[in-house]
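Just below is one structure, and these are the notes that go with it.
Note that ligands are numbered from 1 as they come in the structure, with each ligand's atoms numbered from 1 the same way.
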Amino acid sequence: MGTDGPLTYWDYIRVEDLLDLQGGVEDDEVDLANEEVVFITVHQVFELWFKLVLRELRTARDLFCRDVVANQELSGAARSLDRVITILGRATDHFLVMETLSTRDYLAFRDKLTTASGFQSAQMRELEIVLGLDSAERIDAGPAGNWLEMLRNHDGSESWSSRRVLAALNERHSLKEAIERWLARTPIDGVAHDDPDAETKLGEFIANFLQAHAREADSACDVAIAQGGDGVDPQARRLRAEKEKEAVRAFFEPSEEEGGIERARIRCAMMFIETYRELPLLAWPREVLDKLVEAEQAFVLFRQRHARMVERIIGRRTGTGGSSGVDYLDAVAQTYRVFRDLWAIRTLQIRREAAPPLANPDYYGFAHDA
Ligand code: HEM
């Protein structure tokens, strides 16, 4: 810090410290090629964006961890998620800067990295954990060991990175868990989750929705057969409609293994909020659910974009972290999902006019705010 007196820009932003961090293993950038300084700087910029995204996700998560979440606070959560979406979108664009490196530019310093890889980015792992990625879903990167081992020091001792990630794993709830606790308490058609009749009423709501969905699926099928001429096999089309109906039933009647009645309540709350979003008290919850999907989409796009950038620069060779490279990255982009149920209800939703009428829509007027 500088001398006493009014604050300066360079002291407040710590510009000197910041610009001193791009020296690589030599700790001196004077003899580094511009391309290596680009490589280091772009990674650092990403880590700073990750830091901000983590703060927003934890802020949103902590809000939903509360036993009561006031409706008027939901706009704050939506703002946090909006910031996550904006940052990730801009960060993804930064891969363009990386792509100013040719394959040969990168090969010129790649050996210096030895086993260092973005695979060891503690903040990336924290992001996944705070969002709620299930550890069982992770794909191993290959012979180099599993994702947690890769974060340890070479002698197997805990590192700065592994300690951060272990701490994140020990946090009480992920964003997904917190959101689902909140959804499980959402009153369905005016019936609170702890009402003695809650289970019966939930069953009635689901039965009504399934009927409405079946009517929609049947009428879409009738139209397709009537308009399709010879191109449509009526039997195959009806079979498809039956399969769609069966999938919706299975979604709302989950097995005990999937979480039974508790999971049914969460899924029903998602569908209820999406279907009746015009009711005043459901507008912000719906906005939050939509932003969660958008944020997850931004993560998926980040992964896909990274994979294409990697393919362009190193082709199909293995990664410095020991994975198969692009194949591993594509598999992760394809597989890792946190908010699966929120994605699933996009397949199951029906037209607004087809939704079953509610017994108690007034419950969701502003007068009933928590
Ligand atoms: C020349 C540029 C880059 C190349 C060639 C590259 C290559 C790779 C490869 C091959 C992997 C798979 C793991 C391995 O075997 O190493 C990987 C993982 C990763 N990289 Fe990059 N990368 C580059 C730039 C970046 C940048 C700028 C970031 C931004 C932070 C980044 C973040 C990551 C992350 C987070 C992973 C872990 C992905 C996962 O396990 O899901 N990479 N990278």
Atom 4 (C) of ligand 1: the protein heavy-atom neighbour that sits closest, reported with distance to 0.1 Å: V310 CG2, 3.9 Å

Let me know which of E258, E256, E180 forms a side chain to side chain donor-acceptor pair (under 3.5 Å) with R263. E180

L210 versus F252, closest heavy-atom pair with distance: CD2-CD1, 4.2 Å

Test of proximity, Y106 against ligand 1: N or O pairs below 3.5 Å: no

Considering only heavy atoms of G321, which atoms of ligand 1 have at least one such atom less than 4.0 Å away? 14 (C), 15 (O), 16 (O)

Under 3.5 Å between any N/O of F50 and any N/O of ligand 1: does that happen in this structure? no

Mind checking whether E274 and I345 have side chains closer than 4.5 Å, heavy atoms only? yes

Side chain or backbone, does E128 bring an N or O within less than 3.5 Å of an N or O on ligand 1? no

Going through the distances and angles, do F119 and Y328 end up as a ring pair (Phe, Tyr, Trp, His ring centres under 6.0 Å)? CA-CA 11 Å; F119 191 73; Y328 162 76; 5.7 Å; yes

My understanding is that we take every heavy atom of each candidate and find the minimum distance to atom 43 (N) of ligand 1. Doing that for M98, H306, M309, E99, which one comes out nearest? H306

Taking the non-hydrogen atoms of H94, is any one of them nearer than 4.0 angstrom to ligand 1? no

Over-ring placement of R337 relative to F299, 6.0 Å and 45° cut-offs: no

Assign the ring pair F39 / Y106 to parallel, tilted or perpendicular, where the plane angle (0 to 90°) is split at 30° and 60°. tilted

Which one holds for W147 and ligand 1: side chain close, backbone close, both close, or neither close, with close meaning a heavy atom under 4.0 Å? neither

Which is closest to atom 2 (C) of ligand 1 in terms of heavy atoms, F46, F39, W49? F39

Among non-hydrogen protein atoms, atom 41 (O) of ligand 1 lies closest to R303 NH1, 3.3 Å

Ligand 1 and Y336, any nitrogen or oxygen pair closer than 3.5 angstrom? no

Distance to the ring centre below 6.0 angstrom and angle to the axis at most 45 degrees; does that hold for R267 and F251? yes

Atom 15 (O) of ligand 1: the protein heavy-atom neighbour that sits closest, reported with distance to 0.1 Å: S323 OG, 2.7 Å

min-distance protein heavy atom vs atom 34 (C) of ligand 1 -> G118 O, 3.4 Å

Please say whether E47 places an N or O atom under 3.5 Å from an N or O atom belonging to ligand 1. no

Are I350 and F209 side-chain neighbours, meaning at least one heavy-atom pair lies under 4.5 Å? yes

Carboxylate-amine/guanidinium contact R172 D62, below 4.0 Å: no

Output the list of atoms in ligand 1 that are nearer than 4.0 Å to some heavy atom of Y328, sorted by atom number. 12 (C), 39 (C), 40 (O), 41 (O)

Side-chain heavy atoms of W49 within contact of T92, under 4.5 Å: no

Please list the nearest protein heavy atom to atom 26 (C) of ligand 1 with its residue and the distance rounded to 0.1 Å. H43 NE2, 3.2 Å

Could you establish whether L101 and ligand 1 come within less than 4.0 Å of each other, counting only heavy atoms on the residue side? no

Report, in ascending order of atom number, the atoms of ligand 1 lying under 4.0 Å from any heavy atom of V332. 41 (O)

Looking at S117, which atoms of ligand 1 are within less than 4.0 Å of one of its heavy atoms? 13 (C), 14 (C), 16 (O)

Sub-3.5 Å N/O-N/O distance, R125 and ligand 1: yes

How far is atom 10 (C) of ligand 1 from its nearest protein heavy atom, and which residue and atom is that? G319 CA, 3.6 Å

Least distance between heavy atoms, D195 atom then D197 atom: OD1-N, 2.7 Å

Dump the intermediate steps for ring pair (Phe, Tyr, Trp, His ring centres under 6.0 Å) on Y364 and Y276, then the final yes or no. CA-CA 10 Å; Y364 301 92; Y276 303 100; 8.4 Å; no

Yes or no on salt bridge (Lys or Arg N to Asp or Glu O under 4.0 Å) for D105 and R110, after CA distance, side-chain angles and deciding distance? CA-CA 9 Å; D105 290 339; R110 188 184 194 230; over 6 Å; no

Of all the non-hydrogen atoms in the protein, which one sits nearest to atom 38 (C) of ligand 1, and at what distance? L329 CD2, 4.0 Å

Between W284 and Q72: side-chain donor-acceptor atoms closer than 3.5 Å: no

Which of the numbered atoms in ligand 1 are under 4.0 angstrom from any heavy atom belonging to M124? 35 (C)

